[in-house]
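So the structure is just underneath, and the comments pick up after that.
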Amino acid sequence: MKTFAAADGRKLAYDDEGQGEAAPVLCLPGLTRDARDFEALSAHLSSSRRVLRLDARGRGRSAHAADPMVEYTLPVETGDAIALLDHLGIEKAVVIGTSRGGLQAMGMAASAKDRLAGVVLNDIGPVVERAGLESIIGYIGVEPKASDLDGAARSLSRTLGDQYPDLDDEGWREMARRTFHFDKDGRPGLSYDARLREPVVAVFQGPQGDLWPFFEKFEGVPLACIRGALSNILSAETLEEMARRRPDMAHMTLPNRGHVPLLTEPEVVTFIDGFLANCP
């Protein structure tokens, strides 16, 4: 793990692995997730490319906000991603953004398009389905009641089972390992600042902004999108419209996955490899 100071001095954690002549890959996790979600993908990609995995502020190993309503926002988090590239002296990167991370990629397209060598959106688009947001509101900021890894895995299975119908027991345990922080006694807890709930609820209660203008900012940037067939966040209709507006966008829909594909699925890894082969 390495750290750097964001523009406001907040200390943020990241991982830096691999090397290569092609543009580095910058992995941006989902709303309550952290760099662990990209461990397997990074192990695969870092044999030929440099791979960066950022813990957004308030998540994983990064420092928590002083004011969650100010700091846990897309403009601030987008700025943090750009600040990491600045810190490392990286001119351009291919962003792989899962959910919230994909929205940050849209923000980068609007504010720092010249830093993007390509973008992969993982189950996110310009329309975020309200049913999916409502599901997230149901669990964000709620401490797990489980007492160990197996209990945490069973809890996740009950909450997210409809999104991963073919995941076996070991798959759920692996998800639990990447979802929670475990203390020295093996008891799970949130791996993010519980106050993240406050700005998320505020956004949910307000009108949804129009994100299509941000999507349009990807013009000229190599673009790909992965959708889970069971996703309650990215609809098939939205993906269809994205493809209509960007006919050159590579895209795939993954069976038996909801929000979000894990990026460990062999067909997804093959898809990402193919996309990256066309990114300088």
Side-chain angles (χ1 to χ4, degrees), residues 1-17 24-39 41-42 51-90 93 95-112 115-116 119 121-124 128 133 136-137 139-144 178-183 188-204 206 209 211 214 233 260:
M1 180 193 77
K2 299 182 179 182
T3 62
F4 76 104
D8 60 359
R10 198 73 61 225
K11 184 176 286 189
L12 306 181
Y14 68 97
D15 294 284
D16 186 349
E17 299 143 325
V25 171
L26 172 59
C27 299
L28 301 177
L31 177 64
T32 64
R33 312 296 299 184
D34 56 54
R36 292 175 294 174
D37 278 353
F38 297 96
E39 284 176 344
L41 185 63
S42 178
V51 181
L52 311 170
R53 297 182 287 130
L54 176 64
D55 281 352
R57 59 177 65 209
R59 286 80 148 184
R61 304 153 298 176
S62 289
H64 290 191
D67 184 342
M69 296 299 292
V70 172
E71 294 186 48
Y72 298 150
T73 63
L74 282 169
V76 170
E77 292 166 8
T78 299
D80 290 342
I82 297 169
L84 175 58
L85 298 182
D86 291 341
H87 169 72
L88 296 173
I90 294 173
V95 173
I96 301 179
T98 292
S99 195
R100 176 87 159 197
L103 296 179
Q104 292 166 26
M106 291 186 201
M108 292 178 71
S111 62
R115 311 301 292 273
L116 296 174
V119 172
L121 301 173
N122 184 21
D123 209 64
I124 194 67
V128 181
L133 288 175
I136 291 169
I137 293 294
Y139 64 77
I140 188 171
V142 179
E143 288 284 353
R178 291 185 287 101
T179 297
F180 301 109
H181 165 75
F182 292 86
D183 65 19
L190 296 178
S191 61
Y192 59 90
D193 184 354
R195 298 177 302 159
L196 181 60
R197 178 180 178 83
E198 298 171 26
V200 173
V201 169
V203 169
F204 178 75
L211 298 180
F214 288 87
I233 287 288
V260 293

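Only this structure's heavy atoms are used, side chains among them; waters, hydrogens and symmetry mates stay out.
Between the side chains of Ser62 and Asp55, no donor-acceptor pair of N or O atoms lies under 3.5 Å. Side chains of Glu17 and Ser42: a donor on one and an acceptor on the other come within 3.5 Å. Between Thr179 and Arg33, the side chains place a donor N or O and an acceptor N or O closer than 3.5 Å (distance only, hydrogens not considered).
By the neighbour-count criterion of 12 heavy atoms within 6.0 Å, atom CZ of Phe214 is sparsely surrounded, having that number or fewer from other residues, nucleotides or ligands.
Summarising the geometry of Leu190 relative to His181, their closest heavy-atom pair is O-CB, 3.9 Å, with the distance given to 0.1 Å. Taking both residues in full, the closest heavy atoms of Pro68 and Glu198 are given as CG-OE1, 3.5 Å, listed atom of the first, atom of the second, then distance. What you find for Ile137 and Arg197 is that their closest heavy atoms are O-NH1, 2.7 Å. Between Pro144 and Pro188, the closest heavy-atom pair is CG-O, 3.5 Å. Pairing each heavy atom of Ile82 with each of Ala112, the nearest pair is CD1-CB, 3.7 Å. Of all heavy-atom pairs between Tyr72 and Asp193, the closest is OH-OD2, 2.7 Å.
Counting heavy atoms from C-beta outward, Phe204 and Ile136 have side chains that stay 4.5 Å or more apart. Residues Ile96 and Leu41 form a side-chain contact, since some pair of their non-hydrogen atoms from C-beta on lies under 4.5 Å apart. Looking at Ser191 and Asp34, their side chains come closer than 4.5 Å, going by heavy atoms from C-beta outward. Using a 4.5 Å heavy-atom cutoff, the side chains of Met108 and Leu85 are in contact.
Separating the CG atom in Asn122 from the CZ atom in Arg100 is a distance of 16.0 Å, to the nearest 0.5 Å. The CG atom of Leu12 lies 6.5 Å from the CG atom of Leu54; values are rounded to the nearest 0.5 Å.
Arg115 pairs in a side-chain contact (heavy atoms from CB on, under 4.5 Å) with only one of the listed residues (Leu26, Val95, Asp86), which is Asp86. Partner of Leu103 under the side-chain contact (heavy atoms from CB on, under 4.5 Å) criterion, chosen from Leu31, Leu121, Ile124, Thr78: Ile124.
By the side-chain contact (heavy atoms from CB on, under 4.5 Å) test, Ala56 is found to be paired with Arg59, residues two or more places apart in sequence or in another chain being considered. Taking the side-chain hydrogen bond (donor to acceptor under 3.5 Å, both in side chains) definition, one finds that Asp123 meets it with Ser231, His259, sequence neighbours left out.
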- Task: Decide side chain to side chain contact (heavy atoms under 4.5 Å, CB included) for Leu28 and Thr98; before the verdict, give the C-alpha distance in whole Å, the side-chain angles of both, and the deciding distance to 0.1 Å.
- Result: CA-CA 6 Å; Leu28 301 177; Thr98 292; over 6 Å; no
- Report the C-alpha separation of Phe38 and Val51 in whole Å, then their side-chain angles, then the decisive distance to 0.1 Å, and conclude whether the side chain to side chain contact (heavy atoms under 4.5 Å, CB included) test is met. CA-CA 10 Å; Phe38 297 96; Val51 181; over 6 Å; no
- Message: Run Tyr14 and Arg53 through side chain to side chain contact (heavy atoms under 4.5 Å, CB included) and show every step you take.
- Response: CA-CA 5 Å; Tyr14 68 97; Arg53 297 182 287 130; over 6 Å; no
- Item | Check against side chain to side chain contact (heavy atoms under 4.5 Å, CB included), Asp80 and Gln104 | CA-CA 10 Å; Asp80 290 342; Gln104 292 166 26; over 6 Å; no
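Between Arg36 and Asp15 no salt bridge is recorded (no basic side-chain N to carboxylate O distance below 4.0 Å). Looking at Asp67 and Arg195, no side-chain N of the basic residue comes within less than 4.0 Å of a carboxylate O on the acidic one, giving no salt bridge. Between Arg57 and Glu77 there is no salt bridge, since none of the side-chain N atoms of the basic residue sits less than 4.0 Å from a carboxylate O of the acidic one.
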